[in-house]
Undergrad: 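Let me give you the structure first, and then I'll get to my questions.
Chain naming here is simple, since letters A, B, ... match the order of the sequence lines and numbering starts at 1 in each.
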Protein chains: 2
Amino acid sequence: MNDVFRAFGDPTRREILRLLRRRDMSAGELAERFPLAKSTLSGHFNVLKHARLVVAERRGTTMVYSLNLSALEEAIAAVMGLLETRRRKKE
Amino acid sequence: MNDVFRAFGDPTRREILRLLRRRDMSAGELAERFPLAKSTLSGHFNVLKHARLVVAERRGTTMVYSLNLSALEEAIAAVMGLLETRRRKKE
DNA sequence: GAATTATTTCGGTAGTTGGCAAATTAGCGA
DNA sequence: TCGCTAATTTGCCAACTACCGAAATAATTC
């Protein structure tokens, strides 16, 4: 869970997730959308994979990345947990 | 919004938010719960304030921190946005 | 096995972060 | 104003992060 929050901390990684919500994309396809070196993107993919936010599947010579919805759902639950049990005195 | 995600990236800051969900607490009270220097905690408070996740109010010589629920709600909405518009091909 | 394409790993750098102790600011009461 | 308590700011350092280009790895096709 710690890794999930860390992964969310970087704007580039959030943009990757945003792109993947529409359709699965290869590492190269994703890299084209950013003004960054492919090696840099590869590092971001690793962080996202480690946080289980994306899943990678090799298809021939290319790697296809896709969102892992359940990890996103868990992140939402964790943030919502901060709201739920609040006991307010005044309001 | 960027600052909100950055603020969530640190475990100490998430724990501060978790403590504040029960009741408002002073800087000193909060600092007691962590094995960290007060100056370090003060830095964390600043990050949380900057992200508008907490609000500070001076009460005499002490500073009282409280959760800013609306910022939390926005963070949830942002994460949920990653889920919502997903178009699935198979399933 | 050599050439091609796609991606990752490695080595290095600049900037950021989290941590502390010490100095500083702020409010309060004598 | 002085002394006390609470909290923040400052200066410094070690660890981490994002980034790059070059070299290495992986799968495919000839």
Undergrad: How about His44(B) and Thr40(B): do any of their side-chain heavy atoms sit closer than 4.5 Å?
TA: yes
Undergrad: Report which part of the nucleic acid Thr62(A) touches: base, sugar-phosphate, or nothing (heavy-atom distance under 4.0 Å, all strands).
TA: sugar-phosphate
Undergrad: Under 4.0 Å from a heavy atom of chain A: give me the 5'-most and 3'-most nucleotides of DNA chain D that qualify.
TA: dT17(D) to dT28(D)
Undergrad: Within residues 7-14 of chain A, which residues have any heavy atom lying less than 4.0 Å from an atom of DNA chain D?
TA: Asp10(A), Arg13(A)
Undergrad: By nearest heavy atom, map Leu41(A) and Ser26(B) onto DNA chain D; which one lands nearer the 5' end?
TA: Ser26(B)
Undergrad: Which heavy atom of Ala7(B) sits nearest to which heavy atom of Leu48(B), and what is that distance?
TA: CB-CD2, 4.1 Å
Undergrad: Determine the minimum heavy-atom distance between Lys38(A) and Ala31(A), stating which atoms define it.
TA: CG-CB, 4.0 Å
Undergrad: So do Leu19(A) and Glu29(A) actually touch side chain to side chain, heavy atoms under 4.5 Å?
TA: no
Undergrad: Are Phe8(A) and Phe8(B), when compared by the centres of their aromatic rings, separated by less than 6.0 Å?
TA: no
Undergrad: Is the shortest side-chain heavy-atom distance between Tyr65(A) and Leu20(A) below 4.5 Å?
TA: yes
Undergrad: Going 5' to 3' along DNA chain C, between which two nucleotides do contacts with chain A fall, using a heavy-atom cut-off of 4.0 Å?
TA: dA6(C) to dT9(C)
Undergrad: Check whether any side-chain heavy atom of Val4(A) sits under 4.5 Å from a side-chain heavy atom of Arg52(A), and report yes or no.
TA: no
Undergrad: Tell me, do Phe5(B) and Val79(B) make a side-chain contact under 4.5 Å, heavy atoms counted?
TA: yes
Undergrad: Which residue lies toward the 5' end of DNA chain D, Ser39(A) or Thr61(A), if each is placed at its nearest nucleotide?
TA: Ser39(A)
Undergrad: At their closest point, which heavy atom of Arg13(B) faces which heavy atom of Arg6(B), and how far apart are they?
TA: NH2-O, 3.3 Å
Undergrad: Identify whether any heavy atom of Phe34(A) sits under 4.0 Å from a base atom; if not, whether one sits that close to sugar-phosphate; answer base, sugar-phosphate or nothing.
TA: nothing
Undergrad: Thr12(A) versus Glu15(A): any side-chain heavy-atom pair under 4.5 Å?
TA: no
